[in-house]
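Here the structure comes first, spelled out in structure tokens, and everything after it is commentary.
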Protein chains: 4
Amino acid sequence: MINGERTIQRPLRWGMVGGGRTGQVGYKHRTGALRDGTYQLVAGAFDLDAERGRDFGTALGVEGDRCYATYQDLIAGETAREDGVDVVSVATPNFTHFEITKALLNAGIHVICEKPLFFTVAECEEVKALAKEKGLIVGVTYGYTGHPLVRQMAAMVAKGMLGEIRIVDLAYTHGFNAGDDTNAGEAVKWRTNPETAGPTFVLGDIGTHLYYLSEIVLGDVRVEKLLCDRTAFIPSRAPLEDHATVLMHYSNGARGRLWVSSVDAGNMGSQRYRFVGSKASLVWSDSHPDQLLYQVQGEPERILHHGMPYLEDESLACDRMGALHTEGLGDSWSNIYLWIAQAIDARMRGDDAFLANHHYPGIDAGLEGVRWLENCVRSADQGAAWVDFE
Amino acid sequence: MINGERTIQRPLRWGMVGGGRTGQVGYKHRTGALRDGTYQLVAGAFDLDAERGRDFGTALGVEGDRCYATYQDLIAGETAREDGVDVVSVATPNFTHFEITKALLNAGIHVICEKPLFFTVAECEEVKALAKEKGLIVGVTYGYTGHPLVRQMAAMVAKGMLGEIRIVDLAYTHGFNAGDDTNAGEAVKWRTNPETAGPTFVLGDIGTHLYYLSEIVLGDVRVEKLLCDRTAFIPSRAPLEDHATVLMHYSNGARGRLWVSSVDAGNMGSQRYRFVGSKASLVWSDSHPDQLLYQVQGEPERILHHGMPYLEDESLACDRMGALHTEGLGDSWSNIYLWIAQAIDARMRGDDAFLANHHYPGIDAGLEGVRWLENCVRSADQGAAWVDFE
Amino acid sequence: MINGERTIQRPLRWGMVGGGRTGQVGYKHRTGALRDGTYQLVAGAFDLDAERGRDFGTALGVEGDRCYATYQDLIAGETAREDGVDVVSVATPNFTHFEITKALLNAGIHVICEKPLFFTVAECEEVKALAKEKGLIVGVTYGYTGHPLVRQMAAMVAKGMLGEIRIVDLAYTHGFNAGDDTNAGEAVKWRTNPETAGPTFVLGDIGTHLYYLSEIVLGDVRVEKLLCDRTAFIPSRAPLEDHATVLMHYSNGARGRLWVSSVDAGNMGSQRYRFVGSKASLVWSDSHPDQLLYQVQGEPERILHHGMPYLEDESLACDRMGALHTEGLGDSWSNIYLWIAQAIDARMRGDDAFLANHHYPGIDAGLEGVRWLENCVRSADQGAAWVDFE
Amino acid sequence: MINGERTIQRPLRWGMVGGGRTGQVGYKHRTGALRDGTYQLVAGAFDLDAERGRDFGTALGVEGDRCYATYQDLIAGETAREDGVDVVSVATPNFTHFEITKALLNAGIHVICEKPLFFTVAECEEVKALAKEKGLIVGVTYGYTGHPLVRQMAAMVAKGMLGEIRIVDLAYTHGFNAGDDTNAGEAVKWRTNPETAGPTFVLGDIGTHLYYLSEIVLGDVRVEKLLCDRTAFIPSRAPLEDHATVLMHYSNGARGRLWVSSVDAGNMGSQRYRFVGSKASLVWSDSHPDQLLYQVQGEPERILHHGMPYLEDESLACDRMGALHTEGLGDSWSNIYLWIAQAIDARMRGDDAFLANHHYPGIDAGLEGVRWLENCVRSADQGAAWVDFE
């Protein structure tokens, strides 16, 4: 159980690029990073509007001269200091992730980046090589995978409690873009423009969450073939999609289906996961994340609650609130940020043994997400045809 | 609201073929047919074992000499009587439906048949022509479509309360066949053998329920293209499937996905329907059939309950229990049986005007189900390829 | 599992007093009685308006000359026939139950009566003695206690699966009388008038359901002391109550609380039961009757589904639809009517051994309900004071 | 919407008494206080074991010389510093709250104290007077009242959206003490001993949460009379209770019932609230805190979700995660801690106008909780008799 005690040598000096006052995602980073004294927010280039960014940064407690106008300024200013940032989070639109991440790594700064990581697998490979060369960590904020019951699912599948995996059913849909984009805000506009969003809209924006979480739970079971059928119900979004279905065939013969949509009018259910084995199934949703449904065929259904002693050690180790008390999205982000901090700390200490067994969403998690997106787009571009997973 | 008063000229004299003591489905027919005095069970060929069938029939209150050894005997015996049966229900394995139905129609007897109706569209067309020629009704027992909230969904969609339909999400899965068939009962054995089950297992057995109910709700929106990916996780069931996913493109641009499985270990959720329009969605499941979720984007979710005055007239007209009181599967079957009886009665009276506007699952409902199955199999046989709906 | 086969010697000839076209409750009796051929509806005095009653009765299939103007006529007419009714159901306002029941018993006719049975325990005792003297059965329609999962709860408690019972939490509330009675229908008017309803409104109308079901589940654990706090939020209903809370102390030290209300605005949850033992609890509601929550302290919660093989024999024996298929209120009423028919049949056969062990809601169930009401009123009349249960 | 920007002049220098490594509650305080830079944890007397406390404090990032052995040392050390603590949280067993709070106030330090605040109303009044005299704030950690949907309920009731309040139904029960205390931990031991817990166990430990939240929602509707029936199913806990029911009559004629228990085996539902008005009801539970059920009689039930634009301003103002993203207990605590910080800040600035309209759980919230406990005990001691609320 996590109680706020430090598990790393010293707090990390942390900066942000993006995540300013008008965005939705910045607070998720900050509330995830700051609650345990693992990170100290000391610098930022929070906003394209330099003045607003400085005003915002100082309201967050950052000193005015460490509120920078651009990420280039941030790198220049921080690398010139003795006490410059150790790590920077990138919470900007997708099309800027690649260049900002490379610049930070080249300046010797660890990076935590929003998903989808970059536009292409090639870019991911390049950054992976660069990070390795520089001895730096790249973390990716797949926020909900920090929930203790996600760890529980992975542990149960690994122990064979479901039998052999047969069916994977994944969905993340909402209806907040059911109307057209006439009056849409900035966050929608850049997400529906290929130049700023990359080759996908909802597949990258929300589908990568489904895919990464399923990777964690499925272990060695991997996608071998897939088919992606995508469409834009609001025509101005084409060629990007606001709705997509992906069918997957896995290495062990399992079958998967995945649904992402932002035109699923009225749906407040958010992410839904169902893992079916030859003996039993697991069902979890982030709309009621503190309970896990475990269904053994022929037995009463079981509801497992977070924080209860009957859970696996991996799950209890990252519980924060204890049973009966809701763990929220912020608690999951806290775990993700903590795990990345532990990776950075181990890298700083040169502790490769720790890193070899440490679970956190790193560069490979980001890379595999982009690889999956590339395969989806390739299938969709062929008229929703089956393609081998490459 | 239905209160048991007769809506037809006289009770129908009713017989059954199949539905004997050892089967699961016979009681659903009887409890559906008998509660309101619309049907009187007067004859039957209940069982392949003639003695057991007679014993069972008399325990149901049928006179011994009207408990027949075979359906042929039943036809011979009943047509020889002044007071012979008006209508016979066919609750036998799939492969017998066609010949029994034809024989009954040829003998001038109305038919109520289990789904999937027959093996091929050609057979359905033949029977449709025969029924028309003979002036007889063929009803098909899509049991759950009798629920008042199914009528409510259809009425709401027809009134445009969802906007334009965009997404259709259908699932009927359970895990009762998650294990292999070593110790399976007769009902599983004939369902997994192509000679007795026809070209499909779960697609026909449970998928046709999803398809017919969606037809009722969707109205003019029709499938134009589909892709069916099916598999048998228990190899002995191949070439039939115990798991299938179907993707559908509709005439108005809507997209659909459908999932059927009998290896979805532990799933007790039964049938689940989600209809998404440009403005709002409807969600209904037969595992909690008395409530309907209506989600207008941007507004609080609404739960509608059966029997409440705010529902549409079509729904209230077929309510039996009233609000706060659970309507069960038997109540839905009662409505189906009642609606078929009203069709038979109108046909007897020669009331074509009534028939033209009367809602019930008739020969076309059965035929369209078989057509959909043929398209699914054609796609699956081409390696889960897209096929135009024919 | 029930499949419609007869379990009694011959169908019972059945009549109704009340339950006419304008009432809500008549169809519940008929759909419960008629689906299995156990009862045949052959006579009735359905309505205070004789003509409307005859019209209605013939629409139900009763011969015109057996549609009587009054219950006295019914008794006279039926006792004059060779094939007169065996049993009559009384579905009239409360104040008439006593005289009609006595008249029927005196005429040698078995009775099935609505709850609350009569106004006083003394009346119940008188009828109990009369029924015994005449060798007749009096059944009481506590409809929901026919559900297979109610039997399951009783069996689990009896086997000690909850440990020692400690807490009983009962509620049956709705909001259909949240407004005043200016435009209320007949059913509300007679229920809120002491002359026609007796000494209580919601306590008798819905509270007796809670109390009887709890008696079945609790077995030997009996109320020793109680306190009833009742009020009428709509003043015109006083001295009767539209809201009441009852606290109970049980013989084994357990504590109970019960809530009934018809002004619980918007509540669609209907009956809710929670039985807490020293080790585990059971939760059941008739708004989702097919699942039973079983909570063992320190273990995952378990959801049990009706019709599943892991249930107790008592539960499976009265299942009608099978797992995955909803059992409705009508199915529960069917079981109640069946059990009463079996009691009548046993009495006709003189089979006292059968009767000694046969579960059905009989005269004692009705009597205990009225006794509980008397104690509630006595407490309420003393200013919601504790009273010993007498 | 809260995004981490400072709303006070400067971060508060914060200390803790109690809340050490072995306790459950300390982390809730820290995660609530620290995520937004509103508080800086600079001092503590975390543990009765001074060495363990220092080890723990330094692991939290507190400097070693500000990790004190006792609260007296903390006061002495911190008041001697220029940069001593502004505010201290008291997270120790109940019996120490009074003396520690007084000592802190006398030293000029603001206080945040766990509930139940003190043992008697007289103690509360004394501290209230002292705080007023010193010009200091006393906050009380009723953690869940920080949830945005609690604010929503209060706003809806205040606007009359429920009509006149009629019924209040409150429950907070769990089963973690269903077994006896043979192997119980420290937290259970001091809570079941009157010398350390005060005059109640579950009434004070969890019942005060129910009472305070209901006060917030009910506004001017106040308890006038109550009856408390309490018992200890585990005899060693007597005279304290592990189960209690409280009936309440309110100033406007409304009726309330409240249930607290720690022997409600298997219950994972935590806090449940139902507020019933003449037109509609609200239902909220902290086990699924992000949705609020709004039931208008005669209309479909509505589910309101946190963070949605249709909510009241008061609710949206304190939302942190946004719609679709779970707010957890930690987020609620964050709001409570923020509101208390704003009160302290206003007091420091001498801004009485702000304070007059500022919502936060202060000394009166704590005092009213203790007053309610005194009335409960008085009733229970008279044999669960009705008492006027004093």
Side-chain angles (χ1 to χ4, degrees), chain C residues 162-164 166-167 169 171 173-180 225 227 229-231 233-235 242-249 253-259 261 263-269 274-283 293-302 383-386, chain D residues 162-164 166-167 169 171 173-180 225 227 229-231 233-235 242-249 253-259 261 263-269 274-283 293-302 383-386:
Chain C
L162 272 60
E164 180 75 5
R166 286 179 174 168
I167 309 170
D169 186 30
T173 68
H174 62 76
F176 284 92
N177 306 125
D180 66 32
K225 242 174 87 169
L227 174 153
D229 183 28
R230 69 172 177 167
T231 194
F233 282 105
I234 305 300
D242 51 25
H243 171 85
T245 301
V246 183
L247 302 185
M248 293 175 278
H249 287 193
R255 302 289 169 111
R257 56 185 215 137
L258 176 149
W259 177 24
S261 181
V263 297
D264 186 12
N267 194 330
M268 300 300 290
R274 180 172 186 86
F275 298 97
V276 183
S278 49
K279 294 188 297 193
S281 298
L282 286 172
V283 184
L293 187 63
Y294 177 45
Q295 303 172 303
V296 180
Q297 179 60 34
E299 300 184 6
E301 298 182 279
R302 287 177 183 82
W386 288 99
Chain D
L162 272 61
E164 180 75 4
R166 286 178 174 168
I167 308 168
D169 187 29
T173 68
H174 62 77
F176 285 92
N177 306 124
D180 66 31
K225 243 176 86 170
L227 175 152
D229 184 27
R230 67 172 180 168
T231 194
F233 283 105
I234 305 301
D242 51 26
H243 171 85
T245 301
V246 182
L247 303 185
M248 294 175 278
H249 288 192
R255 302 289 169 113
R257 54 185 217 137
L258 176 149
W259 177 23
S261 180
V263 297
D264 186 12
N267 194 330
M268 301 299 289
R274 180 173 185 85
F275 298 97
V276 183
S278 49
K279 294 187 297 194
S281 298
L282 286 172
V283 185
L293 187 62
Y294 177 45
Q295 303 172 303
V296 180
Q297 179 61 33
E299 299 185 7
E301 299 182 280
R302 287 176 184 82
W386 288 98

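So you know, we letter chains A, B, ... as the sequences are listed, proteins then strands, and number each from 1.
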Kindly indicate, with the supporting measurements, whether the criterion side chain to side chain contact (heavy atoms under 4.5 Å, CB included) is fulfilled by D:L227 and C:L247.
-> CA-CA 11 Å; D:L227 175 152; C:L247 302 185; 3.8 Å; yes
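- C:V276 approaches D:V263 most closely through the heavy-atom pair CG1-O, 3.7 Å.
- When all heavy atoms of C:A265 and D:A280 are compared, the closest pair comes out as CB-N, 3.7 Å.
- If you measure heavy-atom distances from C:T245 to chain D, the contacts under 4.5 Å come from the side chain alone.
- For chain C, the option among D:M268, D:E299, D:E164 with the highest count of heavy-atom pairs below 4.5 Å is D:M268.
- Every side chain to side chain contact (heavy atoms under 4.5 Å, CB included) that C:V283 has, sequence neighbours left out, goes to C:R274, C:L293, C:Q295.
- Note: D:E301 CD to C:N267 CG = 7.5 Å, rounded to the nearest 0.5 Å.
- Heavy atoms closer than 4.5 Å to chain D are found nowhere in C:Y294, neither backbone nor side chain.
- Evaluation of the side chain to side chain donor-acceptor pair (under 3.5 Å) rule for C:H243 yields C:W259 as partners, not counting sequence neighbours.
- Of the atoms belonging to C:I234, it is side-chain heavy atoms, and not backbone ones, that fall under 4.5 Å from chain D.
- Neither the backbone nor the side chain of C:R302 comes within contact range of chain D; no heavy atoms are under 4.5 Å apart.
- Options D:G253, D:A385, D:A384 differ in how many heavy-atom pairs under 4.5 Å they form with chain C, and the most are formed by D:A384.
- The line from CG of D:D169 to CG of C:D264 is 8.0 Å long, rounded to the nearest 0.5 Å.
- The shortest heavy-atom contact between D:R257 and C:L258 is NH1-C, 4.4 Å.
- Considering only heavy-atom pairs separated by less than 4.5 Å from chain D, the leading option among C:L162, C:V296, C:T231, C:D229 is C:D229.
- Taking each heavy atom of D:S278 and C:A178 in turn, the nearest pair found is O-CB, 3.9 Å.
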